[in-house]
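What follows is one structure encoded as structure tokens, with my remarks underneath.
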Amino acid sequence: MKIGELSRRTGTSIRALRYYEEQGLLAPARLPSGYRIYDDRSVATVQRIRVLLSAGLGTSAIAEILPNVVDDSVVLTGRCPELHEGLAVERARITQQIEDLEVARDILDSLIGRPLVITNA
């Protein structure tokens with residue numbers, strides 16, 4: 001399929017697909033005319049890329065993760081414990097940011113007269 005079809009099937013802009021290729025996340029075949037040709041596996045790859053981007057990961061981390069994806073989900077194989085450890089560190093960082101934002105929100109709520117909500121997290 002050409003890039004426009006991949007764009008339609010994944011809901012991803014052509015510009016984003018070209019960016020994924022530049023970052024080494026997609027590797028389409030090229031026709032002599034220069035047109036990119038994607039296979040059906042590219043649809044799943046783009047969906048995985050989008051999931052990983054939405055998790056806050058950068059393209060360099062995604063490039064490391066993609067070869068370790070087991071199936072159509074984004075579950076990793078056990079072949080790369082360093083990758084699991086790195087993702088656990090990233091998760092802890094995000095959790096800390098969430099906690100910091102909740103504290104900031106509570107302070108703002110108290111400043112504008114909203115009742116303070118205390119969570120047991």
Side-chain angles (χ1 to χ4, degrees):
M1 80 188 86
K2 291 183 182 174
I3 196 166
E5 174 70 13
L6 182 61
S7 173
R8 282 188 293 283
R9 288 180 61 181
T10 62
T12 304
S13 72
I14 291 172
R15 183 176 179 186
L17 294 172
R18 287 183 180 137
Y19 176 74
Y20 300 162
E21 182 183 354
E22 288 172 11
Q23 298 302 305
L25 304 177
L26 280 177
R30 291 278 187 155
L31 295 176
S33 62
Y35 285 106
R36 295 165 174 86
I37 296 295
Y38 298 89
D39 58 22
D40 287 334
R41 292 179 308 216
S42 297
V43 174
T45 299
V46 170
Q47 291 168 340
R48 289 181 193 124
I49 292 167
R50 292 183 65 171
V51 166
L52 294 166
L53 286 170
S54 70
L57 298 173
T59 55
S60 60
I62 294 171
E64 292 181 47
I65 292 169
L66 286 177
N68 294 291
V69 173
V70 185
D71 53 28
D72 285 341
S73 69
V74 187
V75 176
L76 302 177
T77 64
R79 294 183 294 179
C80 191
E82 300 86 15
L83 188 54
H84 282 267
E85 292 167 13
L87 291 173
V89 167
E90 180 64 12
R91 185 184 188 287
R93 184 190 66 76
I94 289 170
T95 299
Q96 184 60 55
Q97 283 183 322
I98 290 169
E99 291 170 3
D100 293 346
L101 287 169
E102 287 174 339
V103 167
R105 182 190 58 206
D106 290 344
I107 293 168
L108 288 172
D109 283 349
S110 69
L111 291 171
I112 60 176
R114 294 185 120 179
L116 184 63
V117 177
I118 299 176
T119 59
N120 295 333

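Count residues from 1 along the sequence.
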- Apart from I94 itself, what residues make up its hydrophobic cluster, given side-chain heavy atom links below 4.5 Å? I98

- Task: Each residue besides I37 in its hydrophobic cluster should be listed here, by chain and number; the cluster joins Ile, Leu, Val, Met, Phe, Trp and Tyr at side-chain heavy-atom distances under 4.5 Å.
- Result: L31, Y35

Sequence-distant partners of [X], side chain to side chain contact (heavy atoms under 4.5 Å, CB included), two or more places apart:
{"X": "D100", "answer": "Q96"}
{"X": "R8", "answer": "E5"}
{"X": "L111", "answer": "I107, L108"}
{"X": "R93", "answer": "E90, Q97"}

- Task: Determine yes or no for a side-chain-to-main-chain donor-acceptor pair under 3.5 angstrom, with S7 supplying the side chain and I3 the backbone.
- Result: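 Judged by distance alone, no pair lies under 3.5 Å.
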
In chain order, what residues pass the side chain to side chain donor-acceptor pair (under 3.5 Å) check against [X], with sequence neighbours excluded?
{"X": "R15", "answer": "none"}
{"X": "T45", "answer": "none"}
{"X": "R9", "answer": "D40"}

- Roughly how far apart are T10 OG1 and L17 CG, rounded to 0.5 Å?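 Rounded to the nearest 0.5 Å, the OG1-CG separation comes to 5.0 Å.
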
- Query: So which heavy atom on D39 is nearest to which on M1, and how close?
  - Reply: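 Shortest heavy-atom contact: O-CE, 3.5 Å.
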
- Message: Can you tell me which residue among L101, V103, D109 is in a side chain to side chain contact (heavy atoms under 4.5 Å, CB included) with R105?
- Response: D109

- Message: Under the rule for salt bridge (Lys or Arg N to Asp or Glu O under 4.0 Å), what residues qualify as partners of R30, not counting sequence neighbours?
- Response: E21

- Item | side-chain contact (heavy atoms from CB on, under 4.5 Å) between Y20 and T12, worked out | CA-CA 11 Å; Y20 300 162; T12 304; 3.9 Å; yes

Please tabulate, for side-chain N and O atoms in residues 52-67, each donor-acceptor pair with protein atoms closer than 3.5 Å (sequence neighbours left out).
residue	atom	partner	partner atom	Å
S54	OG	R50	O	3.4
S54	OG	V51	O	2.6
T59	OG1	Q23	OE1	3.2

